[in-house]
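Just so we're on the same page: letters track the sequence lines, and every chain starts at 1. Note that the structure is predicted; figures quoted are calculated from it, not measured.
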Amino acid sequence: MSDKGHDVDLTRAKQNTGVWLVKVPKYLSQQWAKASGRGEVGKLKIGKAQGKTVVSFNLNEELTVVDCSGEKISSVRSPREHPFTMQTVGGQTLAVFTESSDKIALEGMVVQRAECRPAVSESYMKLKKLQIEESTKPLRFSQRLEKAITTNYKPVSNHSHNLEYEKRKKEEGKRARADKQKVLEMLFSAFEKHQFYNIRDLVDITKQPVIYLKEILREIGVYNSRGPHKSTWELKPEYRHYQEGQEEEKEAAKME
Amino acid sequence: MTSLGSQGSSSSSSTEYVVRVPKNTNKKYSIMAFNAGDKVSCSTWTQARMERDMSNRRIYGEEETQEGAAGSEFGKKQREEARRKKYGIITKEFKVEDQPWILKVNGKAGRRFKGIKKGGVTENASYYIFTQSADGAFEAFPVHAWYNFTPQAKHRTLTAEEAEEEWGRRNKVVNHFSIMLQRRLREQERGGGDEDEEEGEKGAKKKKKGGRGGDLRIHDLEEDLEMSSDESDGSNGDDDEAKAKAKKEKGAKGKGKKKKKKGSDLEGFEDSDDGDFEGLEVDYMSDESSSEEEEPEKTKPNKGEDVPKGIDEMSESEEESEEETKNEEENKEEEEEEDGKKTPVQVEKKKKKDSSGESDSSEDSDIEGEAASALFMVKKRTPPKRGGGRGSAGSSRTGSRPGTPSIDNAATSNTLRAAASKLEQGKRQTTVPSSETPAAKRLKMEPSPQSSSGKSTPQPASGKSTPSASDVLLTEDAVRRYLIRKPMTTKDLLKKFQTKRTGLSSEQTVNVLAQILKRLNPERKNINDKMHFYLTE
């Protein structure tokens with residue numbers, strides 16, 4: 001899942017392509033996301049007025065419709081005129097790179113920074129008002145219920161969960177003592193997988209009554225009452241050999 | 001949509017471009033921000049490689065002991081998970097997307113950058129990249145993430161612990177260049193043997209250029225504290241040398257120059273705080289007025305190491321700006337120096353093959369490289385003694401000069417040289433006539449062809465000497481020397497021949513030491529319930 005490093009494609013960088021980095025308000029980017037077709041969103045006007053460069057963006061008509069949650073629909077429209085404030089790149093050298101699924105490419109350097117500002121208008125104010133209203137709504141709120149809920153916590157003679165448990169227990173029946181050899185085999189194979197076991201887990205694995213199992217365990221294992229593996233059983237050292245060929249050794253030790 | 005003609009609004013002319021936000025791109029745009037001061041120009045890059053920095057994965061991964069096999073418990077994972085839920089511990093996921101980038105430009109020899117993701121970029125406003133397409137329209141792409149790229153240093157830097165150490169030693173250390181050198185040396189040794197930070201530690205204390213180690217023998221060095229019994233100066237000296245060698249790298253550069261003066265008198269003090277030495281009167285120390293002289297001297301020797309430093313990537317190891325100026329001065333001086341000894345390479349050659357106790361001689365050779373300038377009176381520490389700096393085992397470097405700062409130099413050169421030789425085995429080992437510029441008043445420059453390797457220790461003019469022995473050989477002679485001086489336990493002996501210095505493994509050391517003891521057959525005495533060996537001449 002991690003890419004082991006990609007060679008960056010520097011072709012565009014070598015061409016010294018210059019790009020603009022433009023900061024765009026959130027609502028505008030939302031509107032742009034709704035653009036259809038080839039993705040035209042508006043027109044950018046670059047001109048010179050009194051010696052200064054003036055850049056302005058004009059949003060397309062169809063994109064001014066603002067989606068808003070709630071009842072009000074389309075009563076508010078986003079502004080269309082957005083003058084750009086130009087800024088210098090200044091103390092940072094900004095480069096743009098792209099990541100696609102298989103490669104990383106350097107697209108170019110930022111030569112101009114700009115901020116897209118909405119032209120202040122009545123419609124903009126209304127839009128902002130709407131936004132503020134939405135954002136002030138708390139995420140959690142209390143709601144009054146007409147009727148009290150009576151479907152929880154009804155008293156029951158016996159819970160369904162309990163019934164299942166009892167049924168299961170009956171089916172299983174009491175655990176029967178199996179052959180000692182068989183139990184030992186089961187234990188050894190269990191200890192092959194893990195070194196430390198809780199007595200409960202061993203009972204589950206072997207399905208033996210606890211007392212019987214404890215007897216057998218006392219023979220071949222040792223109980224850790226403290227330490228990092230507290231209250232767990234593990235095999236005695238002579239039975240222990242956590243490498244290959246355990247079985248034989250355990251058998252051999254057992255025979256002793 | 002081609003650009004329309006000028007709209008002709010009022011007196012301005014403007015052109016209109018269509019703006020498009022392409023929908024189909026599978027490319028995610030991100031910003032790579034460099035600091036203007038780093039002077040990064042993408043057009044100069046011939047080749048670049050970028051990958052995610054996965055070094056944080058283990059923090060999140062929490063790979064515990066593998067499943068099964070020894071040491072594992074049945075159901076441990078489930079239990080751990082239940083426990084975490086119970087206590088509400090939420091561990092953050094390891095998201096590849098948020099990991100920093102590592103950018104390598106121009107291959108191995110080029111620059112490296114680390115790009116850390118800047119948070120909060122896309123929260124309230126979106127950034128778009130406007131590029132002009134072929135048909136004159138603008139295409140806007142949203143910026144997915146912003147990464148701030150900073151250049152990564154290629155030179156070795158000190159870790160926090162080491163930096164703390166060095167800071168504590170800053171008053172004593174004259175030769176700053178050797179800090180990195182010694183660190184490198186230590187790393188090498190570490191690669192071969194056990195780690196022994198103590199060495200550096202001890203060395204550090206002794207680092208002071210002046211009168212370190214054996215020469216002054218004013219006091220028992222801290223090493224004493226480590227010995228099971230009191231040590232005589234002699235043994236100290238030995239220790240010093242050994243340590244000095246190691247330390248030499250570490251500390252001695254220029255900084256110590258002034259301190260060196262003070263240092264020599266104050267040897268044996270453990271950590272010295274800043275104000276400790278203020279009113280002290282010291283012998284053989286040039287007074288403050290000559291410190292300026294020493295400064296340049298120091299720089300000179302430093303400079304000598306400058307070059308090696310560059311090689312050693314130590315050029316930026318100097319922490320103080322002082323150093324930089326010193327370096328510059330040194331550089332200038334280096335030119336003046338005619339001695340070839342001061343090859344910067346000397347530093348690398350410091351590694352001496354056979355290191356004997358003489359830190360002095362080695363140091364000398366190291367130091368002498370630089371101090372050629374008439375400004376510094378480099379005290380030539382009996383270079384002849386050293387003859388090749390290495391060989392004279394047992395010649396007490398210190399003994400010859402009672403507390404002259406030059407001794408320090410010699411010591412330093414020893415250490416430095418030792419260090420350098422250690423660093424690069426096989427380089428010329430002969431000592432270079434080192435023009436040490438001890439902090440002491442006058443150094444007579446005696447270029448002695450000590451190290452054939454031509455290493456020149458760019459020792460800062462004075463006080464650079466960190467007496468340190470070069471590699472300590474575990475020889476019968478050395479052991480005999482120790483035992484004659486005073487009774488020692490085996491533990492003490494082992495301490496003397498630390499694996500770091502001798503280059504042997506601990507097992508080997510034990511074996512060899514046992515053999516030597518057998519041969520020597522020293523007398524035994526029980527002191528403090530411990531069996532001590534001693535020899536009587």
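Only the side chain of A:Lys14 has a heavy atom closer than 4.5 Å to any heavy atom of chain B. For A:Leu10, the part lying under 4.5 angstrom from a heavy atom of chain B is the side chain only. Neither the backbone nor the side chain of A:Tyr27 comes within contact range of chain B; no heavy atoms are under 4.5 Å apart. Heavy atoms of B:Lys27 lying under 4.5 Å from chain A belong to its backbone as well as its side chain. For A:Gln15, no part sits under 4.5 Å from any heavy atom of chain B, backbone or side chain. At a 4.5 Å heavy-atom cutoff, the contact between B:Gln47 and chain A is made by backbone and side-chain atoms alike. At a 4.5 Å heavy-atom cutoff, the contact between B:Tyr147 and chain A is made by side-chain atoms alone. A:Ala33 touches chain B through its backbone: at least one of N, CA, C or O sits under 4.5 Å from a heavy atom, while the side chain does not. Contact of A:Asp7 with chain B is made through backbone and side chain together, with heavy-atom distances under 4.5 Å. Proximity to chain B is limited to the side chain of A:Ile205, based on heavy atoms less than 4.5 angstrom apart. Contacts between A:Leu106 and chain B at a heavy-atom distance below 4.5 Å involve the side chain alone, from C-beta outward. For chain A, no part of B:Val105 is nearby; none of its heavy atoms comes within less than 4.5 Å. For B:Asn24, no part lies near chain A; criterion is any non-hydrogen pair under 4.5 Å. For B:Phe138, the part lying near chain A is the side chain, with the backbone staying farther off; criterion is any non-hydrogen pair under 4.5 Å.
Counted by atom type alone, B:Thr46 and B:Asn106 present one or more donor-acceptor pairs between their side chains at under 3.5 Å. Using modelled atom types and a 3.5 Å distance limit, the side chains of B:Asn35 and A:Gln92 yield no donor-acceptor pair.
When the candidates A:Leu44, A:Thr53, A:Asn60 are compared by the number of heavy-atom contacts under 4.5 Å with chain B, A:Leu44 comes out ahead. With respect to chain B, the highest number of heavy-atom pairs below 4.5 Å among A:Leu94, A:Val19, A:Ile46 belongs to A:Ile46. Heavy-atom pairs under 4.5 Å with chain B peak, among A:Ala13, A:Gly91, A:Ser100, at A:Gly91.
Salt-bridge annotation for B:Glu187 and B:Arg184: absent, with no side-chain N of the basic residue lying under 4.0 Å from a carboxylate O of the acidic one. Taking the charged nitrogens against the carboxylate oxygens, B:Arg20 and B:Asp135 do have a contact shorter than 4.0 Å, which makes a salt bridge. In this structure, A:Glu61 pairs ionically with A:Arg80, as a charged nitrogen and a carboxylate oxygen lie closer than 4.0 Å. Contact check on B:Glu97 versus B:Lys95 returns no salt bridge, with no Lys/Arg side-chain nitrogen under 4.0 Å from an Asp/Glu carboxylate oxygen. With respect to B:Lys28 and A:Glu99, no salt bridge is recorded, no charged nitrogen being found less than 4.0 Å from a carboxylate O.
Scored by the ring-ring contact (aromatic ring centres under 6.0 Å, His included) test, A:Tyr212 finds no partners at all (sequence neighbours excluded). In this structure, the ring-ring contact (aromatic ring centres under 6.0 Å, His included) partners of B:Phe149, at least two apart in sequence or on a different chain, are B:Phe34.
Not less than 6.0 angstrom separates the ring centroid of A:Trp233 from the ring centroid of A:Tyr197.
By the 6.0 Å and 45° rule, A:Arg113 does not stack over the aromatic ring of A:Trp20.
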